[in-house]
A.B. asks: 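Got a structure for you, written out below as structure tokens; questions coming shortly.
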Amino acid sequence: MNYEKKPIPKQGGLFYGADYNPDQWQHAPEILERDIELMKQAGVTSASIGIFAWTSLEPKEDHYEFAWLDAVMDRFAKEGMYVFLATPSGSKPMWLSEKYPEVRRVNKDGIRDASGWRHNHCLSSPIYRKKTRAINAQLAQRYKNHPALALWHVGNEYSGECHCELCRSAFQDWLKKRYKNLDALNSAWWSSFWNHTFTNWGQIQTTDASIDALQLDWLRFINDQHLSFMLNEMVPLRERTPDVPCMTNFMGTHEGTNYWQWAEHVDIIANDLYPMPADCADSWRYSIQSDFIHSLMRGMSGGKPWMLLECSPSSVNWGKINKLKRPNAHRQEVLQAVANGANTIHYFQWRKGRGGFEKYHGAVVDHEGSNQSRVFQDCAAIGRELNQLSAVYGADCPQAEVAMLYDWESRWALNASQGPKVLAGGGPFKGDLYTKLCFDHYEALTCCGINVDQVSTKSEFSAYKVLILPALYLVTQEMADRIYQFTQGGGQVVATCLTGYVDLSNCCWLGGFPGAGLAELFGIWNEELDNLDDEERVKVMGQFSGFARDIAERIHLRGAKSIAQAGSEFYAGHPLITEHKCEVGHAFYLAARFESAVLVDFYQSLATRFDLSCTLDADLPLGVVFRRRESADKKYGFLFNYTQETHSIDLKEHSFLDFAVSSNCTGKLELKPYETRVLQI
Ligand code: GLA
Ligand code: ZN
């Protein structure tokens, strides 16, 4: 190859493309050639290649075939396009899983998977780790200087668990490292309960759901095991291509992976997101759910651009109801990611396969194969538009004044505990009380036009005016001290129901919730928790009014003042929202899950009182959202109508340049359903 290696648009450049499976089309060279032609028409810059191509690369054990991939890489380089070259560990060749059964997962009932499916390798198998390292070494060796190689796409959506003997024994080793001796483990796990005292390490199972501390450690272990699997895969890549960034595709708020930890090991944050808005009056809430996940990625990327590595250009094929996106919705979803700091938009998938599980999954190129489809033309138009927005990619999302903690440890500890309510309803946070509570607050802040940065327990909080801790269920003394220090520095802290119940080993804090000294900080004692039926509501009265649902705590004032109280139930009159003046800042406790109106009023009052700025000084109706990206000398705004209605927005004294039509916007701006405007401020 004599093509020159082009600089990779890491910071300040756009990647637009898709997952591409040329390995499935080797029998049809005319289609491969047509793909290149269509990619150029659609403004594609890049593709993820080889994600599930292991058999094409190593059809027999230790027998490699790279000619087909050489041709694809060369063709991409010739066109000045980039390849995100995948390591193929996401699914196993038949020869491998049949010859080495240990690479196949074992389920909770002790049954080993048959060969087939995907994302189902044993997390611990030394053979699978050795084999993935070997194929990765081959790939890295062969393509290390190839001009098309932009990034490593390591694995695919690491997830799931395995209960085989290898994993069980790895779990026991992991526990030995953590606890050193069984006495320490038994004490941390409260093992005297139900005769669960372990007298040798080999007795420890992976499946006992009755031991809440075991469950929490199991979740931690699975996370660590996936992470160590990925790091093992990355060794030959790091050795041979130290300058080629590595990333893996995250899955938003996926339960099994604490992505704050993963973020420390990858060079670029990449996420897969498939929003599925329902056709209902408040469908705009679904769009804010996407913003919530985007902002989590933004938080993890620490200010660097992140990648939306998979989304569908039309429908998916795995939902209960797979709707086509409504006009404007696809463009809006893409621009939402950009508004939240993404510089990459990649689809799953470039072309629909003729067969297999995903043949009806949305793709840029349909079975029909031409550029005539609605979806292709839509994607090509978006490709053109994204190209025109090049100035935006060098701009950053401004730092927010409000930080919100998203903490997998709290989520795991809560989900591992028997008791607090399992929420009804679907959506991306289905059954996940912890994430729903976080989202409630994010949504309310978004409705107030307030920008939010998502942070981890390790983040530095001092630059923020407000720190929100939704359901910080697991709290260590160290974290409690950091929260205290934040208020000492003049910060305002907001905690919610389910805060400060347990310590690191999922054992309850004694002396009254919230534990670890937080009861003093918030000036309350949380005596007990009422789980409500799905339809049940508790009235809220006082400075804020509306309703609480699902969870209400019966709390007492111990220094705080009550600013809203229960207006129904036997605990009518008891505080539901409290405020405690600390030495410098304030500590607010919201002792229930509240309906959105209460939270919106609450955050509106905080905004006024603590002078929080809005993303846009204008009255935006519910479901209309403004976001910003800013560089030293330029400011861009994204105005989204997430609703199904037309809205007229009064821009007051603002005057913006609309990129799409190259004209100025002033006065009243009409936004059609799902319409998005990209504006220079
Ligand atoms: C995931 C996977 C892809 C594909 C899509 C379909 O995100 O990573 O390989 O299966 O789902 O939506
Ligand atoms: Zn296993």
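Order of appearance sets the numbers: ligands from 1, and atoms from 1 within every ligand. FYI, side chains are in, hydrogens and waters are out, and symmetry mates aren't considered; it's all heavy atoms of this structure.
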A.B. asks: Check side chain to side chain donor-acceptor pair (under 3.5 Å) between H367 and all other residues, then give those that pass, not counting sequence neighbours.
C.D. replies: none

A.B. asks: Specify whether F171 and F221 have parallel, tilted or perpendicular ring planes, treating 30° as the upper limit for parallel and 60° as the lower limit for perpendicular.
C.D. replies: tilted

A.B. asks: Can you sort out which atoms of ligand 1 are near D272, meaning under 4.0 Å from one of its heavy atoms?
C.D. replies: 7 (O), 8 (O)

A.B. asks: H119 vs F52 aromatic rings, parallel, tilted or perpendicular, using cut-offs 30° and 60°?
C.D. replies: tilted

A.B. asks: Could you grab the protein N, O or S atoms closer than 2.8 Å to the Zn ion (ligand 2) for me?
C.D. replies: C122 SG, C162 SG, C164 SG, C167 SG

A.B. asks: Are R351 and D366 ion-paired here, with the side-chain N under 4.0 Å from a carboxylate O?
C.D. replies: no

A.B. asks: Flag the pair Y16 / Y347 as yes when their ring centroid distance falls below 6.0 Å, and as no otherwise.
C.D. replies: yes

A.B. asks: Can you tell whether the side chains of E161 and R105 come within less than 4.0 Å, N to carboxylate O?
C.D. replies: no

A.B. asks: Y64 vs F66 aromatic rings, parallel, tilted or perpendicular, using cut-offs 30° and 60°?
C.D. replies: parallel

A.B. asks: Looking at atom 9 (O) of ligand 1, what's its closest protein heavy atom, distance included?
C.D. replies: R118 NH1, 2.9 Å

A.B. asks: In the protein, what heavy atom is nearest to atom 6 (C) of ligand 1, and what distance, to one decimal place, separates them?
C.D. replies: H361 NE2, 3.1 Å

A.B. asks: When you look for heavy atoms under 4.0 Å from ligand 1, do you find them on the side chain of N156, its backbone, both, or neither?
C.D. replies: side chain

A.B. asks: Could K325 and D378 be called an ion pair, given the rule that one side-chain N must be under 4.0 Å from one carboxylate O?
C.D. replies: no

A.B. asks: Which protein heavy atom lies closest to atom 10 (O) of ligand 1, and at what distance to 0.1 Å?
C.D. replies: E358 OE2, 2.3 Å

A.B. asks: Filter on side chain to side chain donor-acceptor pair (under 3.5 Å), then keep only pairs touching residues 47-59, sequence neighbours left out; what's left?
C.D. replies: W54-E58

A.B. asks: With a 4.0 Å cut-off on heavy atoms, is F357 in contact with ligand 1?
C.D. replies: no

A.B. asks: List the residues meeting salt bridge (charged side-chain N to carboxylate O under 4.0 Å, His left out) with R238, not counting sequence neighbours, and say none if there are none.
C.D. replies: D267

A.B. asks: Any atoms of ligand 1 less than 4.0 Å from a non-hydrogen atom of E157? List them with their elements.
C.D. replies: 1 (C), 2 (C), 7 (O), 8 (O)

A.B. asks: Which residue supplies the protein heavy atom nearest to atom 11 (O) of ligand 1, what is that atom called, and how far is it?
C.D. replies: E310 OE1, 3.7 Å

A.B. asks: Need the ligand 1 atom indices (1-based, order shown) with element for anything under 4.0 Å from a heavy-atom of F52.
C.D. replies: 9 (O)

